[in-house]
Amino acid sequence: MVPSAVRVGLLGLGTVGQGVVQVLERNRADIERKVGRGIEIVRALVRDPSKPRPEGLPAERITGNVEEILGDPEVRIVVEVMGGTGPAREYILRALRSGKSVVTANKDIMAEHGAEVWAAAAAGGADVFFEASVGGGIPIVRAMKQSLAGNCVRRVAGILNGTTNYILTRMSREGLSLAAALAEAQAQGYAEADPSADLDGLDAARKLCILSSIAYSTRCRPAEVFRQGIRDIGPADIAYGARMGWICKLLGISELRKGAVSMRVHPAFVRREHPLAAVSDAFNAIYIQGDAIGEAMFYGRGAGSLPTASAILGDLMDAARFIDRGGSGTACTCFHQRPVEDIGAVISRFYIRLHVDDRVGVLAQIADAFGRCDVSILSVLQSPLSPGEALTGESGEGERAELIVVTHEVREDSLERAIAGLRRLASVRGVGAVIRLAPEDL
Ligand code: NAP
Ligand code: HSE
């Protein structure tokens with residue numbers, strides 16, 4: 001006997017929600033054959049039901065009343081694509097506790113409140129799927145939870161934010177300023193009106209936490225991620241990097257070292273030949289290093305209506321397969337309580353751009369400031385500075401030069417002390433971008 005169609009409630013009918021409706025309609029016949037039963041979106045919750053919507057779901061299925069989904073025992077699966085941690089969190093918890101499986105694209109909730117979500121799923125005997133919360137359409141969550149689960153993962157590194165990758169690509173290719181590239185990203189619909197979560201690395205930090213929690217079987221929280229965004233990066237940095245054979249990317253990197261987890265999101269120069277350097281525009285890529293697999297890279301569209309819907313549909317199909325079989329058996333795997341390594345102990349090579357007085361003895365003062373903090377210099381490049389090329393806060397008169405200092409590998413805390421020492425020198429007029437070089441073994 002063919003089981004009856006599984007009834008689904010959609011929380012949100014925006015960019016991703018519309019994509020889910022579109023892909024389900026387009027590929028319905030094959031999707032239902034693969035699952036072995038029908039899938040029916042019976043209600044979609046929106047903030048404003050009177051808003052005109054593209055064709056897709058019949059108007060009578062669109063509601064402003066969440067009870068028509070959460071209060072309906074016939075709705076077995078809830079797809080949360082409304083976003084934010086406000087009501088969405090409560091709706092997810094309620095759904096799970098009442099035995100409805102949940103599919104979500106919400107990285108904010110999974111990163112900040114993952115433990116609570118898994119506990120609610122266990123309490124209700126329900127499944128929670130969250131493939132779309134990291135990397136849009138890239139199948140990375142399931143790959144890590146299942147296909148790579150036999151590995152001891154040593155490192156997760158990648159380009160986890162499409163907006164900043166688009167901005168850095170435009171700055172690299174066209175020499176645009178950050179402000180001009182951001183305006184383009186907004187016009188293309190990648191960046192939101194308030195792009196802070198993207199520019200300041202918070203979006204990438206949340207995604208890194210989700211992947212790191214799976215990779216190292218320990219709860220990783222966004223507040224534990226060292227975070228530096230891209231706001232200080234200028235066209236000059238991109239151009240200097242290019243001269244040295246490097247491409248600038250916002251990387252999320254987490255590593256397991258001596259039982260502790262190290263997590264950081266920051267701009268980094270990647271060698272031009274590295275596969276991550278070729279990841280352009282709004283694409284994402286995630287690089288996994290495990291003891292058995294060695295290295296594996298996952299690449300694809302990290303956002304957008306249809307790519308994200310692709311991930312949601314895969315999850316929805318799994319939820320539908322398991323809903324009458326007592327669930328998929330997938331549970332929280334954060335059974336370790338690993339310490340988090342302080343950023344000060346992380347070792348990197350650094351690129352530092354300085355504006356200094358162009359006179360005798362200045363280079364020696366700068367070398368001394370680095371040397372006092374055990375920071376060994378690999379190279380120094382000096383260029384004359386045109387009038388008007390000031391760094392933020394730079395003031396004073398006289399001839400200036402721009403110095404690009406590249407260090408050998410140093411501890412983060414040593415570099416931080418060296419920068420503080422440089423700022424105290426009267427001859428150092430401004431410290432521009434400080435950019436790490438990607439690990440040599442990446
Ligand atoms: P969106 O376009 O802003 O759509 C949000 C939808 O949720 C809208 O239909 C909105 O109703 C509804 N909604 C929001 N708050 C509500 C509330 N309090 N009560 C009832 N309905 C509410 O957002 P989106 O871009 O589709 O993103 C949805 C989720 O997917 C977010 O968690 C996001 O981080 C994640 N995600 C998005 C992408 C992407 O490319 N967009 C990629 C990966 C993950 P109205 O239509 O009436 O305003
Ligand atoms: N704002 C995100 C990005 C998309 O630019 O990658 C949603 O995850």
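For ligands, and for the atoms within them, numbers begin at 1 and follow the listed sequence. As the structure is a prediction and not an experimental result, all values here were calculated from the model.
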ring-ring contact (aromatic ring centres under 6.0 Å, His included) between His274 and Tyr287, worked out: CA-CA 11 Å; His274 193 281; Tyr287 208 70; 5.3 Å; yes
Note: [X]-[Y] ion pair, threshold 4.0 Å (strictly below):
{"X": "Glu32", "Y": "Arg28", "result": "yes"}
{"X": "Arg257", "Y": "Glu341", "result": "yes"}
{"X": "Asp203", "Y": "Lys207", "result": "yes"}

Residue pairs involving residues 33-89 (criterion ring pair (Phe, Tyr, Trp, His ring centres under 6.0 Å); sequence neighbours excluded):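 The answer is none; no pair qualifies.
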Neighbouring protein residues of ligand 1 - any heavy atom closer than 4.0 Å: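 Residue list for ligand 1: Gly12, Leu13, Gly14, Thr15, Val16, Leu45, Val46, Arg47, Asp48, Lys51, Arg53, Val81, Met82, Gly83, Pro87, Ala105, Asn106, Lys107, Ala132, Ala303, Gly304, Thr308.
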Flag if over 12 foreign heavy atoms under 6.0 Å of CD, Glu116: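 Above 12, so yes.
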Check: Ser328/Asp127 side-chain N/O donor and acceptor closer than 3.5 Å: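 A pair is found: one side chain offers a donor N or O, the other an acceptor, under 3.5 Å apart.
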Reported CD1-to-CE distance for the pair Ile92 and Met110, which is rounded to 0.5 angstrom: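 If I round to the nearest 0.5 Å, the distance is 7.5 Å.
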Residues lining ligand 2 [heavy-atom distance under 4.0 Å, listed by chain and residue number]: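 Answer by chain and number: Lys107, Asn161, Gly162, Thr163, Asp198, Asp203, Lys207, Ala303.
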Salt bridge (charged side-chain N to carboxylate O under 4.0 Å, His left out) pairs, two or more places apart, involving residues 69-88: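 Counting only pairs at least two positions apart or across chains, the salt bridge (charged side-chain N to carboxylate O under 4.0 Å, His left out) contacts touching residues 69-88 are Arg76-Asp324.
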